[in-house]
Amino acid sequence: MRGEGTEKLVPHTMSRMGDVLAGFHAAWEFESDSVLIRYERGIRTPKLFQALGERRVPLEAIEGVTLIPGRRGTVVLRAELRPGADPLLEAAAGQLKESSDPYRLVLPAERETLAEYYADELRARLTESGPAERHLVAAPEVPLRFKAYDGKASFDGKAVSFRWFWTGASSAKWKAGDQRFPIDELSGVEWRSPEVFEGHLRLLRRDAGTGQAGQADQDPAAVVFGLGYGPVHESLPFAGAVLAAVRACAPVPVPAAPARRDPADIAERIRHLGELHQAGLVTDEEFSAKKAELLSEL
């Protein structure tokens, strides 16, 4: 229900340029054909938001809007983007924590009426749904770079380079030497969050065929995360920018399902996982989830 006096806070129409809805860590500015999301740079703001700075989201990239109760006296307004509309979300592949979702706006519960107004106005303007044929939200700007556990990754817009660290890189990577991958030789990017077991960023090459890629620490086309290296706010914008460049270079079909893994390799990885579990480096939940994932690959 609308509280007493709330009506004075509600603008007459969202078609007016510059209407702003401010929440915790971000503010949404409503334009005639887009929503400009500006993120705060405060110490409590998620680092991913600070790294992004702002995002302009065309209305054609949005297929839905939700408003739900949040925690501790808040409400959450969220824009649901069409699959494939944002290279950042495509690279994340559902791995982002709720608190790091760039399309959630958390507001005090007393602003629910105002948030509901904007949600309704926004829904009325949406006309598109389903997978987008191209990226509609701009990728993070290049150049970009970050330090992984075993090397330094850099991207200048035309090629991705890996420079190995002698303290972390495997002998296989040292033998292969530092790597440079032109964008036109890539078909995609695989990003596995550093917040889970075996986090990494792997470049998918057009000439790799259907053979299995192997473990990331042995693959010269991948860098591995861990021990604070490759954090989300650095590695994910990097992955999103590379993916956007690959798509812009030459759209590629959806890759086929990966080939079945070698049972001996699966058994060895489960054994190694068990050792990490016994040493207390992997929790019970992580052990069970990863073991089930590996068994599903047989």
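The basis for the numbers below is simple: all heavy atoms, side chains too, and nothing from hydrogens, waters or symmetry mates. For the single chain, residues carry numbers from 1 onward in sequence order.
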I'd like to know if the side chain of Ser170 and the backbone of Asp217 have a donor-acceptor N/O pair within less than 3.5 Å. yes
Between OG1 of Thr66 and CG of Leu77, what distance do you get to the nearest 0.5 Å? 7.0 Å
Taking atom CD of Glu195 and atom CD of Gln95, what is their separation to the nearest 0.5 Å? 9.5 Å
Distance, nearest 0.5 Å, that separates CG of Leu21 from CD of Glu29: 11.5 Å
Heavy-atom closest pair (Lys173 atom, Ala216 atom, distance to 0.1 Å) is NZ-O, 3.0 Å
Calculate, to the nearest 0.5 Å, the distance between atoms CG and CH2 belonging to Asp150 and Trp174 respectively. 10.5 Å
How about Arg145 and Ser161: do any of their side-chain heavy atoms sit closer than 4.5 Å? no
Kindly give the heavy-atom pair with the smallest separation between Ala139 and Gly240, and that separation in Å. CB-O, 4.1 Å
In the single-linkage hydrophobic clustering (I, L, V, M, F, W, Y; side-chain heavy atoms under 4.5 Å), do Leu126 and Val57 co-cluster? yes
With a 4.5 Å heavy-atom cut-off, do Leu96 and Val232 have their side chains touching? yes
If you measure from CD on Glu112 to OG1 on Thr74, what distance do you get to the nearest 0.5 Å? 10.5 Å
Supply the atom-to-atom distance His25 NE2 to Gln50 CD, rounded to the nearest 0.5 angstrom. 9.5 Å
Please assess Tyr103 against Ile62 for the test side-chain contact (heavy atoms from CB on, under 4.5 Å), listing each intermediate value before the final yes or no. CA-CA 10 Å; Tyr103 297 111; Ile62 305 173; over 6 Å; no
I'd like to know if Arg104 pairs up with Glu98 as an ion pair, taking the criterion as any Lys NZ or Arg NE/NH1/NH2 lying under 4.0 Å from an Asp or Glu carboxylate oxygen. yes
Any side-chain heavy-atom pair of Phe165 and Lys152 under 4.5 Å: yes
Does the Arg111 side chain pair with the main chain of Ala22, one donor and one acceptor, at a distance under 3.5 Å? yes
Between Phe30 and Trp28, what is the ring plane arrangement, given parallel below 30°, perpendicular above 60°, and tilted in between? perpendicular
A side-chain contact here means heavy atoms from C-beta on lying under 4.5 Å apart; do Arg134 and Arg247 qualify? no
So if you build clusters from Ile, Leu, Val, Met, Phe, Trp, Tyr with side-chain heavy-atom gaps below 4.5 Å, do Leu59 and Val137 land together? yes
Measure across Ala239 and Val189 and return the closest heavy-atom pair with its distance rounded to 0.1 Å. CB-CG1, 3.9 Å
Going by heavy atoms in the side chains, are Arg205 and Leu186 under 4.5 Å from each other? yes
From CA spacing to verdict: side-chain contact (heavy atoms from CB on, under 4.5 Å), Arg55, Asp86: CA-CA 10 Å; Arg55 309 218 87 196; Asp86 181 1; 2.7 Å; yes
Taking every heavy atom of Val142 against every heavy atom of Ala241, the minimum-distance pair comes out as CG1-CB, 4.2 Å
Arg163 atom CZ, over 12 foreign heavy atoms within 6.0 Å: no
Sequence-distant partners of Glu190, salt bridge (charged side-chain N to carboxylate O under 4.0 Å, His left out), two or more places apart: Arg202
For Leu201 and Ser235, which heavy atoms make the closest approach, and how far apart are they? CD1-O, 4.0 Å
Looking at side-chain heavy atoms only, is the closest gap between Pro237 and Phe146 below 4.5 Å? no
Trace of the salt bridge (charged side-chain N to carboxylate O under 4.0 Å, His left out) decision for Glu185 with Arg206: CA-CA 6 Å; Glu185 295 180 5; Arg206 295 185 187 278; over 6 Å; no
With distance as the sole test, does Asp120 use its side chain to make a donor-acceptor pair with the main-chain N or O of Arg123 at under 3.5 Å? no
Min side-chain heavy-atom separation Asp219-His200 under 4.5 Å: no
Indicate, with yes or no, if Val20 and Leu36 share a hydrophobic cluster defined by side-chain heavy-atom contacts under 4.5 Å among Ile, Leu, Val, Met, Phe, Trp and Tyr. no
Can you confirm whether more than 12 heavy atoms, excluding those of Tyr149, are under 6.0 Å from its OH atom? no
Please work out which of the three classes, parallel, tilted or perpendicular, describes the rings of Trp191 and Phe225, given edges at 30° and 60°. tilted
Under a single-linkage definition using a 4.5 Å side-chain heavy-atom cutoff for Ile, Leu, Val, Met, Phe, Trp and Tyr, are Phe24 and Leu52 assigned to the same hydrophobic cluster? no
Look only at the side chain of Arg125 and the backbone of Asp33, and say whether a donor-acceptor pair between them is shorter than 3.5 Å. no
Do Trp164 side-chain atoms and Gly177 backbone N/O form a donor-acceptor pair below 3.5 Å? yes
Determine, using the 4.5 Å side-chain heavy-atom cutoff (strictly less than), whether Tyr117 and Val76 are members of one ILVMFWY cluster. no
Of all the heavy-atom pairs spanning Pro87 and Leu243, show the shortest one and how long it is. O-CD2, 3.9 Å
Before you tell me yes or no, could you show the steps for Leu136 and Arg82 under side-chain contact (heavy atoms from CB on, under 4.5 Å), namely the whole-Å CA-CA distance, both residues' side-chain angles and the distance that decides it to 0.1 Å? CA-CA 9 Å; Leu136 300 170; Arg82 299 168 58 194; 3.9 Å; yes
Count the heavy atoms of every other residue, nucleotide or ligand shown that sit under 6.0 Å from OH of Tyr229, and state whether that count exceeds 12. no
